[in-house]
Amino acid sequence: MLLNGFYSLWGLLTLALLILSIYALVHAALQREDAFRAAGKQTKPFWLIILGLAVVVQLLPLGFLLLNLVGLVAAIVYIVDVKPAIAAITGRGGHGGRGGGWSSSDGPYGPYNGNR
């Protein structure tokens with residue numbers, strides 16, 4: 001019984017990782033190619049290949065754990081590092097609808113320059 005719970009938890013985790021990788025792949029596919037270069041990141045084809053391989057490996061029934069982890073790391077790097085850089089370049093930063101955006105003088109609690 002405990003083993004069945006482990007397998008169902010493992011299945012949910014695998015599904016979540018697959019959804020994360022698919023999300024990263026779709027996001028990369030929908031971005032402009034020049035935004036990757038402008039953000040100083042790898043090229044769009046590079047990320048499409050890496051993220052596509054991550055999705056394919058996670059879809060394989062054999063479950064190569066090491067390759068799944070590599071794909072997970074690639075998807076996380078894309079979402080945490082590349083996606084925000086591209087959003088800053090393309091103007092889709094998602095700052096809560098405030099408009100404007102971030103300044104180089106912004107700290108974690110607001111602007112250092114007294115909002116001037």
Side-chain angles (χ1 to χ4, degrees):
M1 177 126 171
L2 182 61
L3 198 56
N4 288 337
F6 173 75
Y7 286 134
S8 64
L9 179 64
W10 183 256
L12 289 175
L13 182 62
T14 303
L15 180 64
L17 298 180
L18 177 64
I19 290 171
L20 180 75
S21 296
I22 290 172
Y23 171 75
L25 177 64
V26 169
H27 185 273
L30 295 176
Q31 301 308 307
R32 296 186 339 233
E33 199 278 325
D34 62 335
F36 287 84
R37 286 178 291 157
K41 304 300 177 185
Q42 292 289 334
T43 63
K44 180 177 180 176
F46 171 83
W47 282 109
L48 290 177
I49 290 170
I50 294 297
L51 295 171
L53 286 173
V55 169
V56 168
V57 166
Q58 291 179 5
L59 287 174
L60 291 176
L62 300 176
F64 299 106
L65 185 60
L66 182 62
L67 292 177
N68 284 344
L69 290 176
V70 170
L72 173 65
V73 168
I76 289 173
V77 166
Y78 179 83
I79 290 173
V80 171
D81 184 39
V82 179
K83 183 177 178 262
I86 290 174
I89 295 295
T90 60
R92 300 182 209 162
H95 300 296
R98 292 186 269 140
W102 296 96
S103 168
S104 62
S105 65
D106 282 354
Y109 305 109
Y112 289 123
N113 60 4
N115 206 14
R116 289 180 248 162

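Along the sequence shown, residues are numbered consecutively beginning with 1.
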Distance (rounded to the nearest 0.5 Å) between Leu59 CG and Thr14 OG1:
11.0 Å
Taking atom OG1 of Thr90 and atom CZ of Arg32, what is their separation to the nearest 0.5 Å?
6.5 Å
Working to the nearest 0.5 Å, report the span between CG of Asp81 and CD of Gln42.
10.5 Å
Does Leu53 share a hydrophobic cluster with Val55, counting links as ILVMFWY side-chain heavy atoms below 4.5 Å and allowing steps through other members?
no
For Ala24 and Tyr78 the tightest heavy-atom approach is O-CE2, 3.6 Å
Quick one: does Lys44's side chain have a donor or acceptor within less than 3.5 Å of a partner on Gln31's backbone?
yes
In terms of hydrophobic clustering (I, L, V, M, F, W, Y; side-chain heavy atoms under 4.5 Å; direct or indirect links), are Val73 and Val80 co-clustered?
yes
Determine, stepwise, if the pair Trp47 / Val77 fulfils side-chain contact (heavy atoms from CB on, under 4.5 Å).
CA-CA 10 Å; Trp47 282 109; Val77 166; 3.8 Å; yes
Can you measure from CG (Leu72) to CG (Leu18) and round to the nearest 0.5 angstrom?
11.5 Å
To the nearest 0.5 Å, what is the distance between OG (Ser21) and CD1 (Ile50)?
12.0 Å
Can you get from Phe46 to Phe36 by hopping between Ile, Leu, Val, Met, Phe, Trp and Tyr side chains that sit under 4.5 Å apart?
yes
Stepwise, does the side-chain contact (heavy atoms from CB on, under 4.5 Å) test hold for Lys41 with Ile86?
CA-CA 9 Å; Lys41 304 300 177 185; Ile86 290 174; 5.5 Å; no
As a test of understanding, state which of Val70, Leu67, Leu69 forms a side-chain contact (heavy atoms from CB on, under 4.5 Å) with Val57.
Leu67
Restricting to non-hydrogen atoms, name the atom on Ala28 and the atom on Leu51 that form the minimum distance, rounded to 0.1 Å.
CB-CD1, 4.0 Å
Between Lys83 and Tyr23, a side-chain donor and acceptor under 3.5 Å
yes
Calculate, to the nearest 0.5 Å, the distance between atoms OG1 and CD belonging to Thr43 and Glu33 respectively.
6.5 Å
Of Leu25, Leu20, Val26, the residue whose pairing with Ile22 passes side-chain contact (heavy atoms from CB on, under 4.5 Å)
Val26
